[in-house]
Amino acid sequence: MGVSILPIAIFTVFWGVVGIVCPFFAPKGPNRGIIQVVLMLTASTCWLFWLCAYMAQMNPLIGPRLSNETLIWISRTWGNPISD
Amino acid sequence: MGAMFRSEEMALCQLFIQPEAAYTSVSELGEAGTVQFRDLNAEVNAFQRKFVNEVRRCDEMERKLRYIEAEVHKDKVPVPPVKDMPRAPNPREIIDLEAHLEKTENEILELSHNAINLKQNYLELTELRHVLEKTEAFFAAQEEIGMDSLTKSLIADETGQQAATRGRLGFVAGVVQRERVPAFERMLWRISRGNVFLRRAELDKPLEDPNTGNEIYKTVFVAFFQGEQLKSRIKKVCSGFHASLYPCPPSNTERQDMVKGVRTRLEDLNMVLNQTRDHRQRVLVSVAKELASWSIMVRKMKAIYHTLNLFNMDVTKKCLIGECWVPTADLPNVQKALADGSNACGSSIPSFLNCIETDEVPPTFNRTNRFTRGFQNLIDAYGVASYRECNPALYTTITFPFLFAVMFGDLGHGCIMALFGAWMVIKEVSLSAKKSNNEIWNIFFAGRYIILLMGCFSMYTGLVYNDIFSKSMNIFGSSWFVPYDDYTLEHSKAFSLDPKASYIDTPYFIGIDPIWQTAENKIIFLNSYKMKLSIIFGVLHMIFGVCMSVVNYNFFKRRYSIILEFLPQVIFLCLLFLYMVFMMFFKWVAYSTLSEDPAYRQGCAPSVLILFINMMLFSSTEPEDDCKEFMFEGQGTIQRVFVLVALCCIPVMLLGKPLYLLSAKKKHVKPEQSNGNVNQGIELQEQTDISEVQPKPQAKSSGGHDHDDEPFSEIMIHQGIHTIEYVLSTISHTASYLRLWALSLAHAELSEVLWNMVLTFGLKDHNYIGAIKLYVAFFFWAFFTLAILVMMEGLSAFLHTLRLHWVEFMSKFYAGLGYIFQPFCFKTILEQEDEE
């Protein structure tokens, strides 16, 4: 189970604040309801969208197929020097 | 949930207005713009209505204004725009305005008439001057010939005879239009059998036609002939060709004197002409200042009288009765407008506003602000919501840009779109002040908030797809690493990274791992992810739509439909399609290369689609060794139960409502009828004298949502169609959401192809030529990015999103059988006329 608590917590809290806490502080007035709906829908769609991307990669069933040049470049620049 | 959730409550009101206060009251109502008047004289012909004469007067004033405006435009006098809108003039001012317009029109007419006369005069004198000047040359030449013949005559005998002949040689001088010259010449030749001698000279400068102001080119001619008879013939020809003839004295000195005289007269005339022109300019400038405000006043007046024509006269002729729809929230405003109206004309008797009960379906009015208007227009384009039906536009504000962004996901392209939208939103005031006739621009501008939101959401989805102009960003560190050593890397062309050996076991922080962007099997991975994503959001979107129907059933007091329609529908959808979504998540979580249980290894992961098809067909596929057919224990049984329950929902959907209505009808046959009678009685009492005007259609249109009066067979057929449509649509609509994946794939691929084909061309060289090549390549790349990827792809994604909302989402709950509220409002009337 390739789950890390940190990103899930960060995103859930962030979109939770946007979608659940912020609507309580929406400015009063005729548009309060619209603002609340906008916030809640934005938060739920964006959170779910991120979650799908995250979960789809949690347990990869296939790995990327790369050419050796790319792999050499990746190992040099992305900071995992090739083990001898 | 604010104004957007349902259309506003409307009331049908009767207005009782004193005839003298009617004009001012309606004017106030027009300024407020909150009532929609109904035509109470539908059977009266347009020419027989009460205020036809006033409308005619307005038409006449409009005609005068149009004439003045045309004159002002002819002289290119600028018309300043109005700063603050004038109100409709009160009846006393109307007479002043009318008189003023009349006076101005006459003044301008007279001025133009005088100017034409003067110009005619000027034209004639100019022509005469030209004739005199040009003929000078002919006569000088003739004189020479004369001299010649004189010297000859010394030798010849018949001198006397010749002189006599020449003495009788007459001539006619004049001016004719240049394009008529050849025909003119031919005609003269024919009538005189070649005995006319024509000399002509073209005028270099064009002359001005006094009537039209057009430029005309003319030619001066002198025709020499012999004999009186020929002279009269020539004159006839000249008049036929509209040639103007001028007296031209034969002797040289007389001609010189005449030229001098003509010149002085011309100068005088020129002065007079300039003075008239200045005067006209002054008049037009002073008129132009008032022109815009006058035309608004007249148009407002005309609108008021048209509205008054919709009113009915009381039997005693003491008051006007009007009927109108008013949003109940605006009733105080209407009361105030009426009070102001009667105060304005000093009427002692106030006007009344009386709300009446009605069975008629009121118009739909959604109060929008500048943010929601664009979204409301998208919904109204499909069909105006039925009265007080729940309004999908509220949810569309987010679901629309979001679904668009799923297809358009690219951080770079989204950024361009968001910047464009933000620019329009920030410059809103100054941009809307400049009225443009460019239709495409107006469409963009009307949808500025939609564009802004679509751009912002595309940036978010682009970030999650990790796609910026088809490249990825590695911000949080890839979750994949290279487990090979140098030797291995150098001796093989390509490697498939094994998740077991080269995956750090926690996914990339946000979105898709950047390593996939360069992978050869990127599409395989992305397809599997994006297809699942589309189905997940599609199913949720549809369930949301079905749930919205509860709100409607509840509001319209059809609670039985919640159990008999909503419940089977939502169970059907959830048991089959939400279950499929569940399987997708389960597969993501349960199957892993690192799993200890061999049944959950990577090779064993079953296809969700195959599982779903097997579930529907009650069939099975043999699993491979060590693998299991199902994802978890007891899945087969659960699936069988789910399908059976879902199938059981179909007869409930089909028969539940018709049978319920049938039994309800049997129970309530008598009380319902008496209710109806009582209602009608009340209606008749309250609506006194207008009840004849709006008789039967009420009863019919009230039946919008009860099927009480329909025969059972019809209800059955309706329900049958609905059920078949719903069951089939769950499948077809779910499949339809796959367009989210398809367009997203197409967009990503297209932008990658563009990068590889165009921009890479400029990036390969590293010398100075490379710089130039990059310059050119970047130009093309940027152009195609804007034109194809942002504009074309954006438009196509927009249309697909629109379809997903109209068909897949709204078909679940939206009736859209209403008609829109069109208040009587000066602002919209003036805007509409400006557009025309």
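Naming: A, B, ... by sequence-line order, numbering from 1 per chain.
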Is B:Asn466 in contact with chain A via its backbone, its side chain, both, or neither, using a 4.5 Å heavy-atom distance? neither
Neighbour count above 12 (heavy atom, 6.0 Å) for B:Arg370 CZ: no
Tell me, do A:Pro7 and B:Tyr508 make a side-chain contact under 4.5 Å, heavy atoms counted? no
With a 4.5 Å heavy-atom cut-off, do B:Phe495 and A:Arg65 have their side chains touching? no
Need one label for B:Thr518: side chain, backbone, both or neither, based on atoms under 4.5 Å from any heavy atom in chain A. both
Below 4.5 Å, heavy atoms only, C-beta onward: do A:Leu66 and B:Ile515 meet side chain to side chain? yes
Taking all non-hydrogen atoms of both residues, which atom of A:Pro64 and which atom of B:Ala519 are closest, and how far apart? CB-CB, 3.6 Å
Expected output: side-chain A:Asn59 to main-chain B:Val589 donor-acceptor under 3.5 Å: yes
Please state whether the side chain, the backbone, both or neither of B:Pro401 comes within less than 4.5 Å of a heavy atom of chain A. neither
With a 4.5 angstrom heavy-atom cut-off, which part of B:Ile512 approaches chain A: side chain, backbone, both or neither? both
Interface moiety of B:Asn521 toward chain A, non-hydrogen atoms closer than 4.5 Å: both
Donor-acceptor pair, A:Gln57 side chain versus B:Gly511 backbone, under 3.5 Å? yes
Is there a side chain to side chain contact (heavy atoms under 4.5 Å, CB included) between B:Phe457 and A:Cys46? Walk through the geometry before answering. CA-CA 9 Å; B:Phe457 274 91; A:Cys46 288; 3.8 Å; yes
Roughly how far, to the nearest 0.5 Å, is NZ of B:Lys532 from CE of A:Met55? 11.0 Å
Heavy-atom distance under 4.5 Å to chain A: side chain of B:Tyr487, backbone, both or neither? neither
With distance as the sole test, does A:Tyr54 use its side chain to make a donor-acceptor pair with the main-chain N or O of B:Ile510 at under 3.5 Å? no
Under 4.5 Å to a heavy atom of chain A? For B:Ile504 that would be neither
Are any of the side-chain heavy atoms of B:Ile398 and A:Val37 separated by less than 4.5 Å? no
What part of A:Thr70 gets closer than 4.5 Å to chain B, counting heavy atoms only: side chain, backbone, both or neither? side chain
Side chains of A:Phe49 and B:Tyr465 in contact at under 4.5 Å (non-hydrogen atoms): yes
Could you give the distance from CD1 (A:Ile72) to CG (B:Leu489), rounded to the nearest 0.5 Å? 5.0 Å
Start with the C-alpha distance between A:Leu48 and B:Leu540, add both sets of side-chain angles, then the distance that settles side chain to side chain contact (heavy atoms under 4.5 Å, CB included), and finish with yes or no. CA-CA 11 Å; A:Leu48 186 62; B:Leu540 291 180; 3.2 Å; yes
For B:Ala605 and A:Leu61, the nearest pair of non-hydrogen atoms, with its separation, is CB-CD1, 3.7 Å
Given the options B:Ser479, B:Gly477, B:Pro499, which has more heavy-atom pairs under 4.5 Å with chain A than any of the others? B:Pro499
Determine whether A:Asn31 and B:Thr372 make a side-chain contact, defined as any pair of heavy atoms from C-beta on separated by less than 4.5 Å. no
Largest heavy-atom contact set with chain A, pairs under 4.5 Å, which of B:Asn474, B:Leu533, B:Ile536, B:Val464: B:Asn474
Pairwise distance OG1(A:Thr42) to CG(B:Leu453) - rounded to 0.5 angstrom: 7.5 Å
Ranked by heavy-atom pairs below 4.5 Å to chain A, first place among B:Asn369, B:Asp498, B:Thr397 goes to B:Asn369
As an exercise, state the distance from OH of B:Tyr591 to CE of A:Met58, rounded to the nearest 0.5 Å. 14.5 Å
Residue pair B:Tyr460, A:Trp47: steps toward the ring-ring contact (aromatic ring centres under 6.0 Å, His included) verdict: CA-CA 11 Å; B:Tyr460 181 76; A:Trp47 177 78; over 10 Å; no
B:Trp480 and A:Trp78: side chain to side chain contact (heavy atoms under 4.5 Å, CB included), yes or no, with the steps? CA-CA 10 Å; B:Trp480 297 79; A:Trp78 286 5; over 6 Å; no
Measure A:Ile8 against the heavy atoms of chain B and call it side chain, backbone, both or neither at under 4.5 Å. neither
Most heavy-atom pairs under 4.5 angstrom with chain A, which of B:His491, B:Glu520, B:Lys522? B:Glu520
Please round to the nearest 0.5 Å and tell me the distance separating atom OG of B:Ser528 and atom CD1 of A:Ile62. 7.0 Å
Looking at side-chain heavy atoms only, is the closest gap between A:Phe11 and B:Phe509 below 4.5 Å? yes
Under 4.5 Å from a heavy atom of chain A, the part of B:Phe476 involved: neither
Decide yes or no for B:Trp588 and A:Cys52: does some side-chain heavy atom of the first lie under 4.5 Å from some side-chain heavy atom of the second? yes
